[in-house]
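First the proteins, then the strands, lettered A, B, ... as listed; each starts at 1.
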There are 2 protein chains.
Amino acid sequence: MRQIKHPAIEQVELTDIMYALSDPTRLEIVARLAKAGRKMTCGEFDLNRPKSSMSHHFKILRSAGLVETLIEGTEHMNTLRVAEIEQKFPGVLQSILKSLTQA
Amino acid sequence: MRQIKHPAIEQVELTDIMYALSDPTRLEIVARLAKAGRKMTCGEFDLNRPKSSMSHHFKILRSAGLVETLIEGTEHMNTLRVAEIEQKFPGVLQSILKSLTQA
DNA sequence: TCCATTGTTCGAATATAATCGAACAATGGA
DNA sequence: TCCATTGTTCGATTATATTCGAACAATGGA
């Protein structure tokens, strides 16, 4: 079962994370992943966009180190890399997520 | 004495802040402003770039609500809008700044 | 084996951003 | 009044991002 490559947390730059979260669609994806607190398939996000666009955004979220995608059968299960990011950039993701849920 | 317009904190979006901080040059400007803890002129940032480029980055930082620029004579004095941003997005800017100083 | 399901990749169009020289504007001192 | 100082604005170029249809790939069930 082939898996997708992800950057090691050491290579993740803060600017990558900022960039990934500067897009409303991607911010929404991250918000939903956080709220759900479980792994979600790409298709579960009903953001009214073609799958090629969604795939593009997930690719950026992965390369920014924010999302981990595990292939299970035909589905791609996505989770937030909260613990690792919290370790490397304490408070950053947490405070962003908190701001999102209150807005 | 003519002054520059800034967005009210209510209009500032989180994506604007993320976008503004996704550029290394702008992140550096913000880091230095925070470290200095005082108002600084645009020219004080020796980032080895032409002034038109610097002006461009400051414009984006202002429109994102991150930086306030007050004109004093021929100088433009810049400060971080830390208190307002902390009020609207608690912890976000603080944690980002902390990550910067430790990196 | 066939095929529906789930996403990725490709390619091309469009949009947005970065860069920087040159011209411009405002200020204040000589 | 002249002019040096400090930044902004303009315009053009180049670079990056976004978007999405179409083709492709992998999986697993009928």
| Counterpart residues, side chain to side chain donor-acceptor pair (under 3.5 Å), relative to Glu75(B) (two or more places apart) | none

| request: With sequence neighbours excluded, give me every ring-ring contact (aromatic ring centres under 6.0 Å, His included) pair touching residues 4-25 of chain B. | output: none

| request: Could I get the full list of side-chain contact (heavy atoms from CB on, under 4.5 Å) partners for Thr15(A), not counting sequence neighbours? | output: Glu13(A), Pro24(B), Leu27(B)

| request: Please list all pairs passing the salt bridge (charged side-chain N to carboxylate O under 4.0 Å, His left out) test where one or both residues lie in residues 34-46 of chain A, with sequence neighbours left out. | output: Arg38(A)-Glu44(A), Lys39(A)-Glu72(A)

| Pairing residues for Glu86(A) by the salt bridge (charged side-chain N to carboxylate O under 4.0 Å, His left out) criterion, not counting sequence neighbours | none

| message | If the condition is side-chain contact (heavy atoms from CB on, under 4.5 Å), which residues does Ala8(B) pass it with, not counting sequence neighbours? | response | Glu10(B), Gln11(B)

| When only distance counts, do a donor and an acceptor, one from the side chain of Thr74(B) and one from the base of dG28(C), lie under 3.5 Å apart? | no

Got a list of side-chain donor-acceptor pairs under 3.5 Å for residues 50-69 of chain A, not counting sequence neighbours?
from: His57(A); atom 1: ND1; to: Arg26(A); atom 2: NH1; distance (Å): 3.1
from: Arg62(A); atom 1: NH1; to: Thr69(A); atom 2: OG1; distance (Å): 3.1
from: Ser63(A); atom 1: OG; to: Lys59(A); atom 2: O; distance (Å): 3.4
from: Ser63(A); atom 1: OG; to: Ile60(A); atom 2: O; distance (Å): 3.1
from: Thr69(A); atom 1: OG1; to: Asn78(A); atom 2: OD1; distance (Å): 2.6

| request: Extract the stems that DNA chain C is part of, considering only consecutive pairing runs of at least three Watson-Crick or G-U wobble pairs, both distances under 3.5 Å. | output: C:1-30 with D:1-30

| message | Can you list everything that forms a side-chain contact (heavy atoms from CB on, under 4.5 Å) with Ala34(B)? Sequence neighbours excluded, please. | response | Leu80(B), Leu97(B)

| Looking at DNA chain C, which of residues 33-51 of chain A put a heavy atom within less than 4.0 Å of it? | Thr41(A), Cys42(A), Gly43(A), Lys51(A)

| remark: Residue set satisfying salt bridge (charged side-chain N to carboxylate O under 4.0 Å, His left out) with Lys88(A), at least two apart, ordered chain then number -> none

| request: Go through residues 55-70 of chain B and report each residue with a non-hydrogen atom lying under 4.0 Å from DNA chain C, sorted by number. | output: His56(B), His57(B), Ile60(B)

